[in-house]
Amino acid sequence: MMHERRSQGSLLQGRNRKEVLGAKRPGADAGAEAGEAAGEAAELGGDSWATLLAPRLAQFTAVARHEHVTRAAQELGMPQPTLSRAIVRLEDDLGVALFARHGRTLSLTPAGRAFLASTERALMDLERATESVRADVDPAAGKVAFGFLHTLGPETVPGLIRSFRADHPRVRFQLVQNYGEAMIERLRAGDLDLCLTSPVPDYPDLVARRLDEQKLRLVVPDDHPLATRKRVRLAEAAGELFVTLEPGYGLRRITDALCTEAGFTPRIAFEGEEAETLRGLVAAGLGVALLPPPAVPRPGVAELTVTAPRAVREIGVAWLDGHPDTPPVAEFKKFLLSRRGKLLPR
């Protein structure tokens, strides 16, 4: 994407036709300024130097580059007298002579050269920041920040992205794997655009749509008395030790609820953070678990269909209510909603 220098100056000038007349930074003693420095860096107030000077940085830079006000004004697309007054006011506001005048030409003073170096860096940082945010919203090549559960990572999410990029090959993804509540907090913080999670959240500040459901299986060691069965009622595992995800994980809440529905409270032997780790613990004979199907069969375990209660978890997509979508996010959201009932591999 090409950007001429004059377009940068014209944009700043166009947004600030009304010059700041006689603006002065409120006086403060040195001790107060030092004490407030951290606060000003974190939040620019209306009386900060940055707020006061920002509209005129491109004007100063153009004049410094040309060392001639008329040529700089032509580049910026503004009247020469307006630019001359703006530079004089800038020097007045700073209390520093930035230029030495030599008839119709100018040259930078030592203070002007020092100021120019910082100004050019600031404008370049602004240009890079602008290009970055514009690139992220590009309909063809923008970015989607997408969160999903660990259990959806090996198979489901790669398949979704592959299908989506068949029609949107240049869209970029920032992928985040986490448990449900952590992803919801990242939605609220603006770190994620969308997330696939379970259970489907029900919060007033979120919009959530159910997309699919996934059967959960009772996973037992392959030498367990139940291992020869294909189907089992969950109540038959009431006397077993369970390995589960830690509290706060959606699958843990579902496990606790299903066991309660089956008439017992599970005795927890181990808690973990990842489903395949739990399968390894089951294979080691350390307990049984309620888990979604694995992407690849795990040796050492038997996976039994639970006939009662109905053991499933709902998978849904969630986003922050009222948060505007960029074009690539809107397209990916539409794609996910079109996968209702066929999100998961069968």
Side-chain angles (χ1 to χ4, degrees), residues 1 11 15 41-46 50-51 54 125-153 156-214 248-254 273 313-344:
M1 187 178 296
L11 179 62
R15 290 177 179 172
E43 182 176 348
L44 298 178
T51 303
D125 286 345
L126 179 60
E127 183 72 12
R128 281 193 291 264
T130 301
E131 290 301 324
S132 176
V133 297
R134 286 173 60 84
D136 286 348
V137 304
D138 186 319
K143 183 182 75 173
V144 179
F146 182 43
F148 52 93
L149 301 170
H150 288 280
T151 50
L152 300 178
T156 299
V157 169
L160 286 172
I161 293 176
R162 181 178 62 247
S163 296
F164 177 74
R165 295 191 72 188
D167 295 322
H168 305 82
R170 296 170 55 211
V171 169
R172 296 170 290 121
F173 282 84
Q174 176 188 345
L175 301 178
V176 175
Q177 289 179 276
N178 217 319
Y179 65 97
E181 288 300 321
M183 287 192 295
I184 287 170
E185 289 309 308
R186 296 193 67 170
L187 278 178
R188 290 173 172 147
D191 297 333
L192 291 177
D193 299 309
L194 304 161
C195 72
L196 287 181
T197 188
S198 177
V200 180
D202 182 17
Y203 296 109
D205 59 333
L206 299 181
V207 179
R209 297 287 183 268
R210 179 186 180 279
L211 296 180
D212 215 335
E213 68 177 27
Q214 187 175 45
Y249 283 71
L251 187 56
R252 171 61 180 273
R253 294 200 303 273
I254 293 169
E273 297 180 347
R313 67 170 181 171
E314 292 186 335
I315 307 293
V317 58
W319 60 89
L320 195 62
D321 190 19
H323 186 75
D325 291 335
T326 64
V329 170
E331 284 299 309
F332 189 58
K333 181 189 293 183
K334 183 171 71 172
F335 168 78
L336 288 176
L337 293 175
S338 75
R339 306 285 293 190
R340 187 178 286 113
K342 50 187 178 180
L343 179 79
L344 303 172

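Since this is a predicted model, take the numbers as computed values, not measurements. Numbering of residues begins at 1 and proceeds along the displayed sequence.
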(message) Assess the residue pair Val329 and Val144 against the criterion (side-chain contact (heavy atoms from CB on, under 4.5 Å)); give the C-alpha distance rounded to whole Å, side-chain angles, the decisive distance to 0.1 Å, and a yes or no.
(response) CA-CA 6 Å; Val329 170; Val144 179; 4.2 Å; yes
(request) Can you label the angle between the Phe146 ring and the Phe148 ring as parallel, tilted or perpendicular, going by 30° and 60°? (result) tilted
(message) Any heavy-atom pair between the side chains of Leu194 and Lys333 that's under 4.5 Å?
(response) yes
(message) Return the CG to NE2 distance between Asn178 and His150, rounded to the nearest 0.5 Å.
(response) 5.5 Å
(message) Distance check, rounded to the nearest 0.5 Å: Asp193 atom CG versus Gln174 atom CD?
(response) 8.5 Å
(message) Give me the atom names and distance for the closest heavy-atom approach of Gly250 to Pro199.
(response) CA-CD, 3.6 Å
(message) Within 45 degrees of the ring normal and closer than 6.0 Å to the centroid, is that where the cationic atom of Arg252 sits relative to Tyr179?
(response) no
(request) Quick one: list whatever passes salt bridge (charged side-chain N to carboxylate O under 4.0 Å, His left out) with Arg128, sequence neighbours left out. (result) Asp125
(request) Please name the pair of heavy atoms, one in Pro201 and one in Ala208, separated by the smallest distance, quoted to 0.1 Å. (result) O-CB, 3.5 Å
(message) Quick check: do Leu152 and Gln177 have side-chain heavy atoms less than 4.5 Å from each other?
(response) no
(request) Identify the heavy atoms of Gly142 and Pro328 that sit nearest to each other, and give their distance. (result) CA-CG, 3.8 Å
(request) Go through Arg209 and Arg340 one step at a time and tell me if the side-chain contact (heavy atoms from CB on, under 4.5 Å) criterion holds. (result) CA-CA 9 Å; Arg209 297 287 183 268; Arg340 187 178 286 113; 4.2 Å; yes
(message) Donor-acceptor check, side chain of Ser338 to backbone of Phe335, threshold 3.5 angstrom: yes or no?
(response) yes
(request) Please report the closest heavy-atom contact between Ala140 and Arg170, naming both atoms and the distance. (result) O-CB, 3.3 Å
(message) I need the minimum non-hydrogen distance between Leu344 and Thr156, along with the two atoms involved.
(response) CD2-OG1, 3.7 Å
(request) Hey, could you give me the NE2/CG distance between His323 and Asp205, rounded to the nearest 0.5 Å? (result) 12.5 Å
(request) Please lay out, stage by stage, how Arg313 and Thr151 fare under the test side chain to side chain donor-acceptor pair (under 3.5 Å). (result) CA-CA 12 Å; Arg313 67 170 181 171; Thr151 50; 2.6 Å; yes
(message) Within the 4.5 Å heavy-atom criterion, are Phe332 and His168 side-chain neighbours or not?
(response) no
(message) If you compare all heavy atoms of Glu181 against all heavy atoms of Gly248, which two are closest, and at what distance to 0.1 Å?
(response) CG-O, 3.8 Å
(message) Just so I know, are the side chains of Leu149 and Leu196 near enough to count as touching, which here means a heavy-atom distance under 4.5 Å?
(response) no
(request) Taking the side chain as every heavy atom from C-beta outward, state whether Phe173 and Arg165 have any atom pair closer than 4.5 Å. (result) yes
(message) With a 3.5 Å distance limit and no angle check, can you tell me whether Asp321 reaches the backbone of Val207 through a side-chain donor-acceptor pair?
(response) no
(message) Would you say that Leu175 contacts Ile161 through its side chain, given a criterion of any heavy-atom pair below 4.5 Å between the two side chains?
(response) yes
(message) I need the Trp319 CH2 to Ile184 CD1 distance, nearest 0.5 Å.
(response) 13.5 Å
(request) Compare all side-chain heavy atoms of Leu160 with those of Leu336 and state whether any distance is below 4.5 angstrom. (result) yes
(request) Measure the CD-OG distance between Gln214 and Ser198 for me, rounded to the nearest 0.5 Å. (result) 8.0 Å
(request) May I ask you to test the Leu187-Leu206 pair for a side-chain heavy-atom distance under 4.5 Å? (result) yes
(message) Once rounded to the nearest 0.5 Å, what's the spacing between atom CG of Leu211 and atom OG1 of Thr197?
(response) 11.0 Å
